[in-house]
Number of protein chains: 4
Amino acid sequence: MTMRYWLPSKILAMFFALATIAFGADKPKPRARDLGIPFSGTPGKFNAITDVRGVEVGHTTLISDGGKVLPGVPTVRTGVTAVLPNGKHCDTPIFAGWSSLNGNGEMTGTTWIEEGGFLEGPVMITNTLSVGTVRDAVIKWGLRQIHGPGPKKFGEDWGGLPVVAETDDSDLNDIRGFHVKEKNVFRALDSAASGFVAEGNVGGGTGMICYDFKGGIGTASRTIQDPGPYTIGVLVQANQGERKHLMIAGVPVGREMPEKLTNKGGKGSIIIIVATDAPLLPHQLKRLARRAASGLARTGTISHDGSGEIFLSFSVANGGAYQAQGHAGVLMVTNDKMNPLFEATVEAVEEAIINALIAAETMTGINGRTVAAIPHHELREILKKYNRLQEGGVKH
Amino acid sequence: MTMRYWLPSKILAMFFALATIAFGADKPKPRARDLGIPFSGTPGKFNAITDVRGVEVGHTTLISDGGKVLPGVPTVRTGVTAVLPNGKHCDTPIFAGWSSLNGNGEMTGTTWIEEGGFLEGPVMITNTLSVGTVRDAVIKWGLRQIHGPGPKKFGEDWGGLPVVAETDDSDLNDIRGFHVKEKNVFRALDSAASGFVAEGNVGGGTGMICYDFKGGIGTASRTIQDPGPYTIGVLVQANQGERKHLMIAGVPVGREMPEKLTNKGGKGSIIIIVATDAPLLPHQLKRLARRAASGLARTGTISHDGSGEIFLSFSVANGGAYQAQGHAGVLMVTNDKMNPLFEATVEAVEEAIINALIAAETMTGINGRTVAAIPHHELREILKKYNRLQEGGVKH
Amino acid sequence: MTMRYWLPSKILAMFFALATIAFGADKPKPRARDLGIPFSGTPGKFNAITDVRGVEVGHTTLISDGGKVLPGVPTVRTGVTAVLPNGKHCDTPIFAGWSSLNGNGEMTGTTWIEEGGFLEGPVMITNTLSVGTVRDAVIKWGLRQIHGPGPKKFGEDWGGLPVVAETDDSDLNDIRGFHVKEKNVFRALDSAASGFVAEGNVGGGTGMICYDFKGGIGTASRTIQDPGPYTIGVLVQANQGERKHLMIAGVPVGREMPEKLTNKGGKGSIIIIVATDAPLLPHQLKRLARRAASGLARTGTISHDGSGEIFLSFSVANGGAYQAQGHAGVLMVTNDKMNPLFEATVEAVEEAIINALIAAETMTGINGRTVAAIPHHELREILKKYNRLQEGGVKH
Amino acid sequence: MTMRYWLPSKILAMFFALATIAFGADKPKPRARDLGIPFSGTPGKFNAITDVRGVEVGHTTLISDGGKVLPGVPTVRTGVTAVLPNGKHCDTPIFAGWSSLNGNGEMTGTTWIEEGGFLEGPVMITNTLSVGTVRDAVIKWGLRQIHGPGPKKFGEDWGGLPVVAETDDSDLNDIRGFHVKEKNVFRALDSAASGFVAEGNVGGGTGMICYDFKGGIGTASRTIQDPGPYTIGVLVQANQGERKHLMIAGVPVGREMPEKLTNKGGKGSIIIIVATDAPLLPHQLKRLARRAASGLARTGTISHDGSGEIFLSFSVANGGAYQAQGHAGVLMVTNDKMNPLFEATVEAVEEAIINALIAAETMTGINGRTVAAIPHHELREILKKYNRLQEGGVKH
């Protein structure tokens, strides 16, 4: 597979850099609650999945032409996002669970999570056709990370069954060009950091479309005190929904903005990652993952046939359970204390999706197709019409 | 188990009759859309599960004391509801699927539905502790219904694995009195009819509580044309939710009506039955059942730990598949036509739950506890405040 | 439902007593390994599920006519078996998991076990049509057992979602007579004991047929040292299989004993209960339950369409997890130590099934049908022919 | 990842060619029943998965050094196997179902099969770390295959969610060298053919180990007449089990051949593919997939913690269901006719695993480790000792 059209790579690298500035990590942008969209619950410091201790997020955003469709240059609008439950320490598997609302998508590694109860490395999200490349790359990266003579030959196991999920960006991206490369995956992993998480047209979410508006990556978090103090953090790659169903804060926004700019017909998908520091067992994490469906439903979608709505949750507590010698003592929240965790999950999922919509910016992609961002001013007017605008916004 | 305290039974029978009049089938009552609550989609003639051809519903409502708590008389606020997919013809199993959002409840028969793909008789809903009695009774009733020497000894199979579901009415009902009797079950089955379906404090829903308001039975339907014409009909026994989460038409009604009249803390459950005449295979019906979660989420609940949220769907099409000789030719909607069915399911589930709330009436039950119905006038004022009141209502 | 034909009840009570003597708990009978059938692994003291500390088993065996088919007396060949994980202390839920190989059967309570991870009371096994009666009765019994003001109002929850499983004894029993009564259920529960467990035509297994031989209850156990010392105990109600598939110790016994004495055609079912004192989490117990399929397969069955092959496992360790205040510290075996537990489960399931066959005695039942026990001498000859007879037998 | 050590490639190509001759498709080798191992049921013409009409199999076998461990040459003992349900016509999705006995492995695409009921392309099997590469390649191959202006833009969908499964060959293969390349995948797909299927050290099975003997690819089939005539074909990539558990025709072969030549400790996996032309719906195919567990158990394994035992079944009947316009008429076998299909599946899975063992040849791999093939003569002696040798063998 020659890649001549990528040359000259230095110019493209410059484009990448520009793209990173334009879409990426550094510019302060309003988030959903800054616009006055009301949400319930108390977010963490960054209102992001990284509010869960140890969780890091890295994006590689691939926009080959600086956002313009250029002759002779493939229209790359894609990327990869890495969620690292334990930062770079991949040798600490943690409890996890998963659930699917409509399984028209891929998340590798779920069969082992279901069986063994552990997530053994980073969670990667990319476009549909790059799952293979990302799987190869994350294994190589993981093998590289394994240091030291642990009591268990953990490195042997590690790379085997990584979690790589996808949504389909083919409406904006030259998906069949397989533009995500090994080095891009390494970069997402190596650049992962705690704290602020870029949203919108970044990483795996770069070319995604949500409710026929520009979508992408979104994140949010909630803190709870009883049980606790604990944090629930959510990250979504939002590519789902039809305009007419879009509901924000209960307001039928989609019906108020009826212009249909894409022809996706609800074909896209959404990947939802729920992280927590609450000590939950695998079957309890599956319960949390199932609550992602309730948060998603609050944004209005009916979960289309073509949508891969796959949810993963993990807990950074009980970090030593996997590598213990024969027996492990672990902590669990009792079932009768699960409700605050469920509530926080539903709320954070809802807000993360709306954050993806708010952060995403209008993009022109393959075949000159343009997908508009949701207009912030018009959205505020609609919320006001339904008496749901929280004047002044809510600082996160 | 002697039942002396039931005497004098004739007086109680009179109470039952009065109760039936008061709470039952005959009085025209406003439904959700009569009050101006907006819903999407086109309901069928009765806006009820019975809009699906062949489906019949019967209730037995057990209120021992006419609604007053009397000394020496057990406080009975319970009953049983029968949903007959093929009327009284129990010898025609049909395709079915099921799903659970939070499985803190019972629905017998699901293991065989999952395996074999068929629902083999009526669907019964009652209180938690009466599942056994109802299971026995529906088997006896089913065996009685089997006539004729069909090509397959169907009667042998029939009674074995019936579907009986439950929610817990112990906040209003003397549930430990086991007041549902075999004859009550027979009555629900024998009185089942198509057409109008009584809602609120009837049948299995008699003593139920929903979002800390009085709940119970609710129903709704949608018709679709492509694929179609087909009908989706839903019946719920609604006993779930906490006041603060209640959302009607996207409006945070629960937060606007903060008075907490019960101490359930989200412990209750909801059973959702989805019927259709669209020809769907078992795995497609499971997909429909999963969409009940999305409709439920639109009413605001986070699906509490204590809630049994169990969903069953069936299709009355392909009626001959079970009894065919060796091979059966069956019809299926192709996957790419499923979206209208998903949308109709989500919409009808949402409306059925709200219908249950609107139809239910204030009830005083065991230990003198009173659970108030949702106040219709106040609800309309709140909807108006949020510009969501559809003036004049929508006729169904 | 009048029961006049049961009179004179005292005579029948005598029959019961005789039946108990004839088929029941007291007579020493050879077990599979006494006959020289070879098995792997090390059984516990009683080679029974009761080798797991705290586990008790009780049977009520209902044989109305002393084993003879009498005019005017219903041919009752049924019963109920109770497995109590914690003896009579029903207020200590324990971790559990379940699995189904072919789900043409009922095991109530599984939806909550799957969701919540806990088994909250006894496990009951009976005939297909008595599940309702047994469910009612075990709830009443459980409510009676709850004493004292624990930190959590556990009694409130208890009775709600019991586990009641079944297999179909209609080939020998007047199943439509619903002969299992509340008092019979209480008796099975109240008489439960640790130590020796009666096998064959007892309890729920009274009228069962296995590989076209007389079947019923069987039990076995294994002890392991690493991890450990732990015990795996198994109890089966064996009603499954076709003669031609029967394999004992790998020998095609069914083909060597081709006489077909029943016309079941593989319609029966098997319920398998796996108990352990190894500290396993719910998702690990599900793994154990799945291994029951492997043990079952070693006896040759193909798991027929009509068979309800449903498996439940529980761990008596971590007894305080349910009732802990907010958080519970629990112990788990690490995944890499699971193999000895898997092996012990497969072995004990295989032996329990063969024990059921060996213990069962020839029975004449409804319509005068007789089902023969597997002939011990002939079986030994066949094993010898295949060089698999362990001369002298192996003492358990 | 530089690959300089691969040069000179022409010499290696020669090695490949030699390897193909040595291990590959052309040499007639005895199969299990040729050695006199008894099996039940009637196999099809080739006793292979290709007896199911339309099914084609292709292998690419990668052995870099002609089977000798050479200094400076990576020890490649791996490959990829393609099972094409409809030959090269990838535009005809067919009904499928899957199941996992112990999910410590990867099979991509299962979430969509579970949801939508269709298998949309080839089934690929390779080593654990090559799943990504194979996924990429099969997508590219599939996109290339799509011809013609079908009524549905099928090509859009096709490549998205392929099925790629794996087992771990790191005991013999330099798995971290990622030696399976895109072109190798194309070759397996393009060379796929009906008829004879090479077994043992070929394709994805090249470096696999089974019950501590050399394992790999195995296949078998059964034909049934009622319902039917239908064929069940099975292909396995066998890498599972511990020597001591190996059972062949019910004989404890593993205990009779106690030498332990590997240190795998049951870590390997098995992928089982079940094909049929019987018209089964997705939920029925899941039932078939579950029966793979029973066939596997007959070979003695306890299904270790480290084993990925993942089973896929598909039916080549009802080929037009996916692409029908809105509705599809499909045929199904009625549930009461499933038993012969279950029996055929159990039998064919058992024989396919034994065929893999019999066909595999002793191999020396990475770090000079040698894994011996099961010795045919000694095996026959053991079968004779247990009176299970079918003298003269059984021709297939």
Side-chain angles (χ1 to χ4, degrees), chain A residues 1 98-118 124 127-140 142-144 155-157 159-168 170-171 175-176 178 180 182 185 267 269 303 305-310, chain D residues 1 98-118 127-140 142-144 155-157 159-168 170-171 175-176 178 180 182-183 185 267 269 303 305-310:
Chain A
M1 194 176 51
W98 80 288
S99 175
S100 166
L101 175 55
N102 191 69
N104 200 337
E106 181 64 75
M107 181 184 279
T108 68
T110 50
T111 302
W112 177 223
I113 286 173
E114 181 83 12
E115 180 77 37
F118 285 100
M124 311 300 293
N127 75 60
T128 308
L129 299 198
S130 294
V131 168
T133 300
V134 174
R135 189 183 192 276
D136 283 359
V138 74
I139 289 172
K140 288 175 190 171
L143 293 175
R144 238 175 43 191
E156 293 301 318
D157 300 340
L161 303 168
V163 173
V164 185
E166 54 72 41
T167 66
D168 178 2
S170 61
D171 283 300
I175 193 171
R176 297 189 183 177
F178 290 82
V180 177
E182 188 174 285
V185 181
K267 279 182 61 181
S269 303
S303 297
D305 169 66
S307 192
E309 315 200 332
I310 310 181
Chain D
M1 192 178 56
W98 80 289
S99 177
S100 166
L101 174 54
N102 191 68
N104 200 338
E106 181 65 77
M107 181 184 279
T108 69
T110 50
T111 303
W112 177 223
I113 286 173
E114 181 83 13
E115 180 77 37
F118 285 101
N127 74 59
T128 308
L129 298 197
S130 292
V131 167
T133 300
V134 175
R135 189 183 191 276
D136 283 0
V138 74
I139 288 171
K140 289 175 189 170
L143 293 174
R144 238 175 43 191
E156 294 299 322
D157 300 341
L161 302 169
V163 173
V164 186
E166 55 72 41
T167 65
D168 178 2
S170 60
D171 284 301
I175 193 170
R176 296 189 184 177
F178 291 82
V180 177
E182 189 175 285
K183 65 179 178 184
V185 182
K267 280 181 63 182
S269 302
S303 297
D305 168 67
S307 190
E309 316 202 330
I310 311 182

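Heavy atoms only: backbone and side chains are in, while hydrogens, waters and symmetry mates are out. Below, chain A is the first sequence line, B the second, and so on; all start at residue 1.
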Handout entry: Which of D:Thr133, D:Asp136, D:Thr108, D:Val134 touches chain A most, by non-hydrogen pairs under 4.5 Å
Key = D:Asp136
Completion exercise
One should read off an interatomic distance between D:Leu143 CG and A:Leu129 CG, to the nearest 0.5 angstrom, of 7.0 Å
Handout entry: chain A contact via D:Ile310 - side chain, backbone, both or neither, heavy atoms under 4.5 Å
Key = side chain
Exercise for the section: Side chain from CB out, backbone as N, CA, C, O: work out which of these in D:Glu114 comes under 4.5 Å of a heavy atom of chain A, or both, or neither. Expected result: neither
Exercise for the section: Determine whether A:Leu161 and D:Val131 make a side-chain contact, defined as any pair of heavy atoms from C-beta on separated by less than 4.5 Å. Expected result: no
Practice task
Output the distance between atom CG (D:Leu101) and atom CD (A:Glu115), rounded to the nearest 0.5 Å.
Solution key: 7.5 Å
Practice task
Locate the shortest heavy-atom distance separating D:Thr111 from A:Gly105; write the atom from each residue and the value.
Solution key: CB-O, 4.0 Å
